[in-house]
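The structure presented is a predicted model; accordingly, all values stated were derived computationally and were not measured. Quick note on labels: first sequence line is chain A, next is B, and so on, each numbered from 1.
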Protein chains: 2
Amino acid sequence: MPDLDESKKRCARVAALLKSLAHPQRLFLLCRLAKGETTVGDLRAASGASQPLISQHLTRMRREGLVLARREGNHVHYRIADPRLAGLIQTMEKTFNE
Amino acid sequence: MPDLDESKKRCARVAALLKSLAHPQRLFLLCRLAKGETTVGDLRAASGASQPLISQHLTRMRREGLVLARREGNHVHYRIADPRLAGLIQTMEKTFNE
DNA sequence: AAACAATATTAGAATATCTTAATATACTAA
DNA sequence: TTAGTATATTAAGATATTCTAATATTGTTT
């Protein structure tokens, strides 16, 4: 019986991560980002959400360490920070593809 | 550019599912259930949460179709409804195992 | 510098979630 | 039928999330 406390801690960490994924628009953004680096403008165009809202979602995910930002001139490029997350998102897309 | 709307709908569905997983105690319960059918009492003992709270979490997950319940005498046995979900949970456990 | 484009931040109201406490139901055993 | 055990439901306050609107920042171009 492997460490119950350890298991709970892991659940707490993963649940915190999932909280960020558990939102239609954020998940949509992450699915896009899982395919490669993207600018805010492109994400905005694809998602159709308002600019401040997208920015808030991205800021939140940046704060939580899910994504990384890189400014290039007037545009900011976002990407997924941890390849394991990108993998998980793609797994989920495959798993629930219909 | 393959169905943007379809992609959004899928994100909405999966995000709704993830909302249920995005809670430390519920995720813990699901991790347990991913290993096989379990009674409420056992879940309660393992999780250490209060009885009504566990029952509410289970009721919610039942309502959302994540788990199924089966009464046997005085005890109620729960199990994960969709094997894909069990698989996803195990994948997550492996992915974030440290 | 001024005007513009892209992105970020803040504030606040509306809504949803979480937890505890109290109570109810379903079943078993005496 | 009464008592006891296991599980479920309801109500309500506390806390957290979400969205919109207004404004700020950063960088570019003229």
Roughly, in whole Å, what's the span from [atom1] in [X] to [atom2] in [N]?
X       : N      : atom1 : atom2 : result
A:Arg70 : C:dT7  : CZ    : C1'   : 15 Å
B:Arg44 : D:dA8  : CZ    : C1'   : 14 Å
B:Arg60 : C:dT19 : CZ    : C1'   : 14 Å
A:Leu21 : D:dT18 : CG    : P     : 12 Å
B:Leu29 : C:dC18 : CG    : P     : 13 Å
B:Arg63 : D:dT7  : CZ    : P     : 19 Å
A:Leu58 : C:dT9  : CG    : P     : 11 Å
A:Ile54 : D:dC19 : CD1   : P     : 11 Å

Interatomic distance, CG@A:Leu43 vs NE2@A:His77, rounded to 0.5 Å, equals 11.0 Å

dist B:Asn97:CG -> A:Glu6:CD (nearest 0.5 Å) comes out at 10.5 Å

Is there a side-chain contact between [X] and the phosphate of [N], meaning an N or O under 4.0 Å from OP1 or OP2?
X       : N      : value
A:His75 : C:dA5  : no
A:His57 : D:dC19 : yes
A:Lys19 : C:dT17 : no
B:Arg26 : C:dC18 : yes

Nearest-nucleotide check on DNA chain D, A:His23 vs B:Tyr78; residue mapping nearer the 5' end is B:Tyr78

On DNA chain D, more 5' by nearest nucleotide between A:Glu72 and A:Pro52 is A:Pro52

*Salt bridge check: are A:Arg70 and A:Glu37 linked by an N-O gap of less than 4.0 Å?*
yes

Heavy atoms only, 4.0 Å cut-off, all strands: where does B:Thr59 land among base, sugar-phosphate and nothing?
sugar-phosphate

For [N], does the base pair up with any side-chain atom of [X] as donor and acceptor (N or O, under 3.5 Å, distance only)?
X       : N     : result
A:Gln51 : C:dA8 : yes
B:Asn74 : D:dT5 : yes
B:Gln56 : D:dA8 : no

Using the side chain to side chain contact (heavy atoms under 4.5 Å, CB included) rule, take A:Phe96 and B:Arg10 through it: C-alpha gap first, then chi angles, then the decisive distance, then the call. CA-CA 8 Å; A:Phe96 302 106; B:Arg10 230 179 334 205; 5.5 Å; no

Candidate nucleotides [options], ranked by approach to the side chain of [X] - the nearest:
X       : options               : value
B:Leu53 : C:dA26, C:dT7, C:dT20 : C:dT20
A:Arg71 : D:dA16, D:dT9, D:dT26 : D:dT26
B:Gln25 : C:dT7, D:dT18, C:dT19 : C:dT19

What one should report as the nearest heavy-atom pair of B:Ile80 and B:Leu30 is CD1-O, 3.7 Å

Of A:His57, A:Arg60, A:Arg26, the one forming a side chain to side chain donor-acceptor pair (under 3.5 Å) with A:Ser20 is A:Arg60

